[in-house]
Colleague: 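Dropping a structure here in structure tokens format, bear with me for questions.
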Amino acid sequence: MGKALPSRAEDYSLWYNELVRKADLAEHSSVRGCMVIKPYGFSIWEKMQAQLDKMFKDTGHTNAYFPLFIPKSYLSKEADHVEGFAKECAVVTHYRLKNDPGGGGVVVDDDAKLEEELIVRPTSETVIWNSYKNWIQSYRDLPLLINQWANVVRWEMRTRLFLRTAEFLWQEGHTAHATKQEAIDETKQMLQVYTDFVQNYMALPVIQGVKTESERFAGAEDTYCIEALMQDGKALQAGTSHFLGQNFAKAFDVKFATKEGGLDHVWGTSWGVSTRLMGALIMAHSDDDGLVLPPFLAPIQVVIVPIFKNDEQLSQIQEKVDTIKTQLQAQNISVKFDHRDTHKPGWKFAEYELKGVPLRIAIGPKDLENGTLEIARRDTKEKKIYSFEEAIDQIPGLLDEIQKNIYQKAETFRAENTSEVDGYEEFKQVLDDKGGFIWAHWDGSAATEEKIKEETKATIRCMPLEFGEPGQCMVTGNPSKGRVLFAKAY
RNA sequence: CGGGGUGUAGCGCAGCCCGGUUAGCGCACCUGGUUUGGGACCAGGGGGUCGCAGGUUCGAAUCCUGCCACCCCGACCA
């Protein structure tokens with residue numbers, strides 16, 4: 001039982017950390033705040049990447065790559081942008097090391113000081129807009145629809161595997177448009193792409209909305225987001241899409257000749273999701289036995305565990321498994337046959353549950369006699385006996401069902417943990433008792449938002465894209481345009 | 001950067017208060033055998049600068065001083 005997890009109820013964050021480590025997703029590196037993404041974890045990320053990349057391309061975007069280093073001066077061109085990121089930037093000051101004359105190994109060569117320091121990108125708006133200046137002359141060059149897959153560095157004070165690391169992997173889309181409306185449409189389109197991805201592939205329901213001014217991306221006019229609810233009742237921002245207005249175009253002097261013969265600044269957007277989605281995936285579905293992966297993103301969708309006493313039995317099983325495997329693979333299902341004799345079946349059962357494999361087939365001598373096999377579902381833990389033919393037939397449907405079921409489960413959980421409150425005392429009460437999402441009225445002022453945050457630790461996760469009924473702020477009693485979404489957040 | 005805590009085998013820990021031969025336990029690892037339908041068992045084995053530096057002492061994982069690293073709680077954040 002060396003691998004048993006702590007339970008979620010006992011200690012949620014210990015459960016999360018142990019799960020990440022024991023399921024072989026990632027581990028801490030020797031550099032503070034940075035993680036090593038292990039092969040199993042990375043293969044899940046690769047599946048997410050592949051799907052997102054396809055969706056970006058289907059909506060007309062192309063990939064490019066911009067440098068890791070940003071000249072310090074670039075960062076100061078957009079005032080809000082510096083303000084937002086300055087406190088968490090890694091800075092390169094030298095370009096050479098030398099042997100320590102005192103014998104202490106290698107030291108920084110003071111003679112190799114850079115004229116202008118380089119910032120390790122915390123996000124790439126500035127380098128990218130600096131290029132866009134040269135790429136855009138006319139309305140004929142627009143829209144410019146570019147995405148990049150990259151790593152970025154934000155020197156966070158406190159980190160957690162996947163949820164907040166000093167270095168993380170992400171994609172960042174950066175687009176330029178001739179009109180304001182087109183840029184807004186793009187911003188919303190990408191929000192919808194993220195929503196579709198998270199809901200349909202990650203099996204995680206989200207709420208779409210707009211950030212308040214205080215939560216807005218540094219340099220944006222509007223920040224759209226999707227918010228998901230985790231099993232401990234805390235919210236996680238799963239993706240953001242920013243309408244940048246003409247802020248970066250003005251900062252980097254990106255103008256274009258309009259159709260009408262004028263000269264205007266372009267309108268911009270940027271949007272991103274990161275390896276943080278891995279954290280969301282893990283926290284949203286997993287249980288005390290380990291990961292539960294949606295079939296669409298599981299590196300192994302079906303694992304076959306043979307039960308055998310000797311080589312002869314194994315080779316008989318092997319023969320049967322080969323045909324099953326071929327037939328499943330023909331339907332684009334990823335199958336692993338774990339015939340290692342170094343681990344017992346029970347050990348393997350537990351191991352693949354820990355790793356979240358959606359379906360497990362067990363097949364032994366009894367089955368060969370009867371022409372059957374056993375299929376166990378990871379999401380419900382149900383086990384059922386099927387004939388070989390039935391099994392081949394049913395497995396695609398079962399995978400489908402699991403995908404739907406875990407979405408359904410997450411949605412039910414969210415429904416049970418979403419409240420609507422009117423009074424501030426009630427608000428505090430609900431927050432303490434059960435947490436989760438809370439819809440409440442707010443007067444729209446930063447001061448009230450700040451007061452609520454200070455007193456309760458809850459923040460406005462987002463304002464809905466379309467407000468419901470107007471009302472009165474739960475704190476000040478002043479008029480409210482409609483309920484906004486509160487929660488404690490990661 | 002403020003408050004608290006921890007550094008002992010790959011991982012998790014005991015030993016420290018009250019100094020005493022060879023630093024111990026569980027998991028993992030290696031070898032052999034028996035096992036194999038829900039995390040097997042027996043026997044044997046390998047692996048340690050006790051975070052670093054200095055000090056006290058006949059003797060330091062243990063006491064003292066300094067330093068370093070990491071974790072938790074705050075402030076900050078995708």
Side-chain angles (χ1 to χ4, degrees), chain A residues 1-6 11 13-14 17-18 21-22 24 27-34 83-89 122-123 151-172 194 211 214-218 220 223 225-228 235-242 270-280 289-290 305-311 313-314 317 338-355 360-370 372-374 376 381 383 385 453-454 457 459 461 489-490:
Chain A
M1 295 294 265
K3 286 208 162 186
L5 285 174
D11 186 337
S13 78
L14 184 65
N17 282 323
E18 289 288 284
R21 221 168 49 77
K22 287 181 168 158
D24 251 345
E27 62 189 19
H28 283 109
S29 75
S30 46
V31 182
R32 191 200 73 95
C34 295
E83 180 74 18
F85 288 104
K87 285 170 289 184
E88 49 187 40
C89 284
T123 179
N151 57 340
V152 288
V153 169
R154 296 181 189 175
W155 214 264
E156 300 288 352
M157 303 304 264
R158 295 185 55 196
T159 59
R160 290 189 73 191
L161 291 171
F162 289 119
L163 296 174
R164 179 168 296 108
T165 46
E167 179 194 15
F168 57 93
L169 305 184
W170 77 346
Q171 61 65 218
E172 44 182 327
Y194 289 153
K211 289 289 184 192
S214 69
E215 301 268 335
R216 192 178 290 161
F217 174 75
T223 287
C225 63
I226 49 176
E227 295 285 330
L236 185 86
Q237 180 176 303
T240 46
S241 184
H242 314 292
S270 69
W271 27 273
V273 295
S274 69
T275 35
R276 176 177 241 206
L277 285 181
M278 290 284 293
D289 293 321
V305 177
I307 292 146
F308 59 100
K309 289 194 168 52
N310 50 48
D311 285 351
Q313 281 184 352
L314 178 59
I317 293 167
D338 186 353
H339 58 270
R340 288 177 296 174
D341 60 359
T342 48
H343 296 282
K344 292 178 56 176
W347 188 91
K348 292 176 187 172
F349 293 171
E351 179 69 10
Y352 291 109
E353 270 162 20
L354 187 57
K355 293 199 161 180
R360 180 187 74 233
I361 294 177
I363 175 163
K366 286 183 228 162
D367 294 305
L368 287 184
E369 268 175 45
N370 303 331
T372 58
L373 47 74
E374 180 194 80
K381 304 270 170 60
K383 289 192 251 187
I385 306 289
K453 184 177 175 182
E454 246 168 50
K457 305 224 153 105
T459 49
R461 299 320 303 152
Y490 273 98

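Proteins get letters first, then strands, A, B, ... in listed order; numbering begins at 1 in each.
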Colleague: Less than 4.5 Å apart, any side-chain heavy atom of A:Gln171 and any of A:Trp271?
Modeller: yes

Colleague: Taking B:rC25 as the reference, what is the distance to B:rC77 when you measure between their P atoms (whole Å, please)?
Modeller: 50 Å

Colleague: Scan A:Arg360 against the nucleic acid and name what it touches under 4.0 Å (heavy atoms): base, sugar-phosphate only, or nothing.
Modeller: base

Colleague: Select from A:Thr275 and A:Asn17 the residue whose nearest nucleotide in RNA chain B is closer to the 5' end of that strand.
Modeller: A:Asn17

Colleague: Verify the contact: side-chain N or O of A:Lys344 to OP1 or OP2 of B:rG39, cut-off strictly under 4.0 Å; return yes or no.
Modeller: no

Colleague: Can any side-chain N or O of A:Asp338 pair as donor or acceptor with the backbone N or O of A:Arg340 at less than 3.5 Å?
Modeller: yes

Colleague: Name the closest nucleotide to the A:Phe349 side chain, picking from B:rA75, B:rG38, B:rG39.
Modeller: B:rG38

Colleague: Rounding to the closest angstrom, what is the interatomic distance between B:rG10 and B:rU65 at atom P?
Modeller: 30 Å

Colleague: Indicate, with a heavy-atom threshold strictly under 4.0 Å, whether A:Lys366 touches base, sugar-phosphate, or nothing.
Modeller: base

Colleague: Write down the distance between NZ (A:Lys22) and P (B:rA28), rounded to a whole number of angstrom.
Modeller: 12 Å

Colleague: Do the side-chain N or O atoms of A:Lys381 get closer than 4.0 angstrom to the phosphate oxygens (OP1, OP2) of B:rG38?
Modeller: no

Colleague: Any base atoms under 4.0 Å from A:Leu236, or only sugar-phosphate, or nothing? Heavy atoms, all strands.
Modeller: nothing

Colleague: May I have the distance from A:Asp311 (atom CG) to B:rU36 (atom P), rounded to whole angstrom?
Modeller: 15 Å

Colleague: So, under a plain 3.5 Å distance rule, would you say the side chain of A:Glu353 forms a donor-acceptor pair with the base of B:rG38?
Modeller: yes

Colleague: What nucleic acid atoms does A:Asn310 come within less than 4.0 Å of, heavy atoms only: base, sugar-phosphate, or nothing?
Modeller: nothing

Colleague: Would A:Glu18 and A:Arg21 pass as an ion pair if we require N to O under 4.0 Å?
Modeller: yes

Colleague: Measure from NZ on A:Lys87 to C1' on B:rA75 and round the result to the nearest Å.
Modeller: 10 Å

Colleague: Could you give me the CA-CA distance, side-chain angles and deciding distance for A:Ser214 and A:Arg216, then say whether side chain to side chain donor-acceptor pair (under 3.5 Å) is met?
Modeller: CA-CA 6 Å; A:Ser214 69; A:Arg216 192 178 290 161; over 6 Å; no

Colleague: May I have the distance from A:Trp155 (atom CH2) to B:rC76 (atom C1'), rounded to whole angstrom?
Modeller: 15 Å

Colleague: What residues form a side-chain contact (heavy atoms from CB on, under 4.5 Å) with A:Ile307, not counting sequence neighbours?
Modeller: A:Pro345, A:Phe349, A:Ala362

Colleague: Taking the C1' atom of each, how far is B:rG51 from B:rG5, in whole Å?
Modeller: 15 Å

Colleague: Would you kindly compare A:Asp367 and A:Arg461 by the position of their nearest RNA chain B nucleotide and give the one closer to the 5′ end?
Modeller: A:Asp367

Colleague: Counting heavy atoms from C-beta on, name the nucleotide in B:rC77, B:rG39, B:rU36 closest to the side chain of A:Glu88.
Modeller: B:rC77

Colleague: For atom P, what is the distance between B:rG32 and B:rC13, given to the nearest Å?
Modeller: 33 Å

Colleague: Write down the distance separating the P atoms in B:rG26 and B:rC63, rounded off to the nearest Å.
Modeller: 26 Å

Colleague: Heavy atoms under 4.0 Å, any strand shown: does A:Arg154 hit a base, just sugar-phosphate, or nothing?
Modeller: base

Colleague: Separation of A:His343 atom NE2 from B:rC27 atom C1', in whole Å?
Modeller: 14 Å

Colleague: Is it the case that the side chain of A:Glu156 and the backbone of A:Thr165 share a donor-acceptor pair, with hydrogens and angles ignored and the cut-off at 3.5 Å?
Modeller: no

Colleague: Rounded off to whole Å, could you give me the CZ-to-P distance for the A:Phe85 and B:rC76 pair?
Modeller: 16 Å

Colleague: Can you tell which of B:rA75, B:rC11, B:rG37 lies closest to the side chain of A:Lys457?
Modeller: B:rA75

Colleague: Give me the distance, rounded to whole Å, that separates B:rU62 from B:rC50 when you measure between the P atoms they each carry.
Modeller: 10 Å

Colleague: Could you state the atom-to-atom distance from CG of A:Asp341 to P of B:rG32 in whole Å?
Modeller: 13 Å

Colleague: Report which part of the nucleic acid A:Gln237 touches: base, sugar-phosphate, or nothing (heavy-atom distance under 4.0 Å, all strands).
Modeller: sugar-phosphate

Colleague: Under 4.0 Å, counting only non-hydrogen atoms across every strand here, what does A:Tyr490 touch: a base, just sugar-phosphate, or nothing?
Modeller: nothing

Colleague: Determine the Euclidean distance between corresponding P atoms of B:rG24 and B:rG48; express it in Å to zero decimal places.
Modeller: 13 Å

Colleague: Is a side-chain donor or acceptor of A:Glu215 paired with a backbone partner of A:Lys211 at a separation under 3.5 angstrom?
Modeller: no

Colleague: Whole Å only: how far is the NZ atom of A:Lys355 from the P atom of B:rG38?
Modeller: 21 Å

Colleague: Would you confirm whether A:Thr223, through its side chain, and A:Phe217, through its main-chain N or O, come within 3.5 Å as a donor-acceptor pair?
Modeller: yes

Colleague: Salt bridge check, A:Arg360 against A:Glu353: does any charged N sit closer than 4.0 Å to a carboxylate O?
Modeller: yes

Colleague: Looking only at the side chain of A:Lys383 (C-beta and beyond, no hydrogens), which of the listed nucleotides B:rG38, B:rC77, B:rU36 gets closest?
Modeller: B:rG38

Colleague: So what does A:Thr165 hit on the nucleic acid, given a heavy-atom distance under 4.0 Å: a base, only sugar-phosphate, or nothing?
Modeller: base

Colleague: Would a distance-only check, ignoring hydrogens and angles, find a side-chain to backbone donor-acceptor pair under 3.5 Å from A:Arg154 to A:Pro122?
Modeller: yes

Colleague: With P as the reference atom in both, quote the distance from B:rA43 to B:rC58 in angstrom, rounded to an integer.
Modeller: 46 Å

Colleague: For RNA chain B, produce a single dot-bracket line, 5' to 3'. Pairs: Watson-Crick or G-U wobble, both distances under 3.5 Å. Symbols: ( ) within strand, [ ] crossing, | other strand, . unpaired.
Modeller: ((((((((.[[[[.)....(...]]]].((((((.....)))))).....[[[[[..)....]]]]])))))))....

